[in-house]
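Worksheet: the structure to be examined is printed underneath.
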2 protein chains.
Amino acid sequence: MNLVGKHTVAIVDDHSLFARSLEKLINSFSHFRVLFHAKNGVELQERINEEKILPDIVLLDINMPVMNGFETAEWIMGNHPKIKILALSMEDDEQTILRMLRKGAKGYLLKDIHPEILNTALKELMEKGYYHSDKVSETLLHSISPDEEGRVMDFKENELIFIQLACSEMTYKEIAHVMDLSPKTIDGYRQDLFKRLKIKNRVGLVIFALKKNLIKL
Amino acid sequence: MNLVGKHTVAIVDDHSLFARSLEKLINSFSHFRVLFHAKNGVELQERINEEKILPDIVLLDINMPVMNGFETAEWIMGNHPKIKILALSMEDDEQTILRMLRKGAKGYLLKDIHPEILNTALKELMEKGYYHSDKVSETLLHSISPDEEGRVMDFKENELIFIQLACSEMTYKEIAHVMDLSPKTIDGYRQDLFKRLKIKNRVGLVIFALKKNLIKL
DNA sequence: CAAATAAACAGGGAAAATCCCTTTTAAAAA
DNA sequence: TTTTTAAAAGGGATTTTCCCTGTTTATTTG
């Protein structure tokens, strides 16, 4: 709540065109005003340490080069838990959404929503303390059953490394060599993953890894 | 140029949050004003047919569900060639940029630019008739040599279909069946592509297709 | 300590992918 | 019409992938 009786918002997003534009939009809402924006978590820390007044809400992007949304959310919750985090991202996969909510985000918005939804979300966030769109709520319910998506998605360290290497042009033999394991062990990883993820071949694994953000292009 | 002596801009982007925000930003520029925005090419056609006055500039996104940026640019150039198209997209790969410029775009901006760049781009667009950022100019120069990226990237229709199907869990035999070709012909496509793209196996092809936006997840 | 559990590893075989080289067929050019 | 060129298809061999079953080894647990 600032001088003119509006709730304050900080934007954390490395896409400055989007951030600046969003600032204009939010400032056009009756009850909200943008306090500042930061290109990443580190810049947010600096700004918060400088400013005397904390924002009521932080609009937080996830994909940022220096200090990403997860890390930033963690820091905010640890140092300024009164700030309400509203995640705002392109990522629409369950894992990312859940991870962000576990880090303390009070809401999760996709970037391709209607502007009025943002206004609603901000208002509900201040009134109820949280906001969850239908899509996100659905995701939450769907994820209560950890049978399907929980056990399946809980990868061991070696499995993750294998998946990443399998998303390259290496043969399994080569993968076994760089991981310093027997080709038969690698074959075991492969077979186990194929069964758990219900995929038929290596291409399926690559597609899966991409969809779940396990690898970057 | 509208009533208040400002150049008019139309925004074509299916991300309404971004579009609305961008509208506010552009309206804050001294020499520009947003006339309207459309969620896709079809909506743009409708709006242009309704309105008596044409926008000076169309800010055009590429990834849209109904009628994408390429198709839209084509229509604009065919029906209202006086409108200056400024492509505004996340895609930063050469092929996309070049294709857009070939369709008649007078400039190409990445969505993660600084807001002031947009202002500069709009102004230059009206003054000089075009705007090319350093990155895009570089891409243009680099692409003058069609040896590497030109001959390699010029896929035939069947090759494109094969690539897309190869990015699934189908076997080559299955691909041959749905394409109504002999497995040996498919093997010929595969071998030719592997050589041209300098890749070792099918995973390499999937990665390539993803990087070049030949397929969507 | 014994039993249970999970990770690493193996044998063996069928299917698929990869590679090289040749032939037929169809279309385009000389 | 002959020649050339490109697409489609085939033969055949090797490597890799994929799948099932089982054993050893290490770690955890009763």
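Naming: A, B, ... by sequence-line order, numbering from 1 per chain.
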Between [Y] and [X], does any NZ, NE, NH1 or NH2 come within less than 4.0 Å of an OD or OE carboxylate oxygen?
X	Y	result
A/K84	A/E124	no
B/E174	A/K200	no
A/D56	A/K82	no

Please check if any side-chain donor atom of A/N68 sits under 3.5 Å from a side-chain acceptor atom of A/N63, or the reverse. no

Using only heavy-atom distances, determine whether the side chains of B/Y172 and B/D187 contain a donor-acceptor pair under 3.5 Å.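 No.
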
Whole-Å gap separating [atom2] ([N]) and [atom1] ([X]):
X	N	atom1	atom2	value
B/H177	D/dA8	NE2	C1'	17 Å
B/K195	C/dT18	NZ	P	15 Å
B/L193	C/dC19	CG	C1'	15 Å
A/M179	C/dA8	CE	C1'	12 Å
A/F162	D/dC18	CZ	P	9 Å
B/R196	D/dA6	CZ	P	13 Å
B/E174	D/dC18	CD	P	13 Å
A/E169	C/dT18	CD	C1'	13 Å

Any chance you could measure A/F36, atom CZ, to A/I11, atom CD1, to the nearest 0.5 Å?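 Rounded to the nearest 0.5 Å, the CZ-CD1 separation comes to 10.0 Å.
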
Take atom NZ in B/K103; do more than 12 heavy atoms of anything else shown fall under 6.0 Å from it? yes

What is the bend of the helix from C/dC1-D/dG30 to C/dA30-D/dT1 when you compare the axis at one end with the axis at the other, using five pairs each and rounding to 10°?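 Taking the rotation axis at each end, their angle is 30°.
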
Does A/Y189 make a side-chain N or O approach to OP1 or OP2 of C/dA8 shorter than 4.0 Å? yes

Base contacts versus sugar-phosphate-only contacts with protein, heavy atoms under 4.0 Å: please encode nucleotides 9-17 of chain C as B, S and - from 5' to 3'. BBBB---SS

Aromatic B/F162 / basic B/R190 pairing, under 6.0 angstrom, 45° off normal: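 Checked: cation-pi criterion not met.
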
Passing option when A/D13 is tested against A/H37, A/R20, A/K111 for side chain to side chain donor-acceptor pair (under 3.5 Å): A/K111

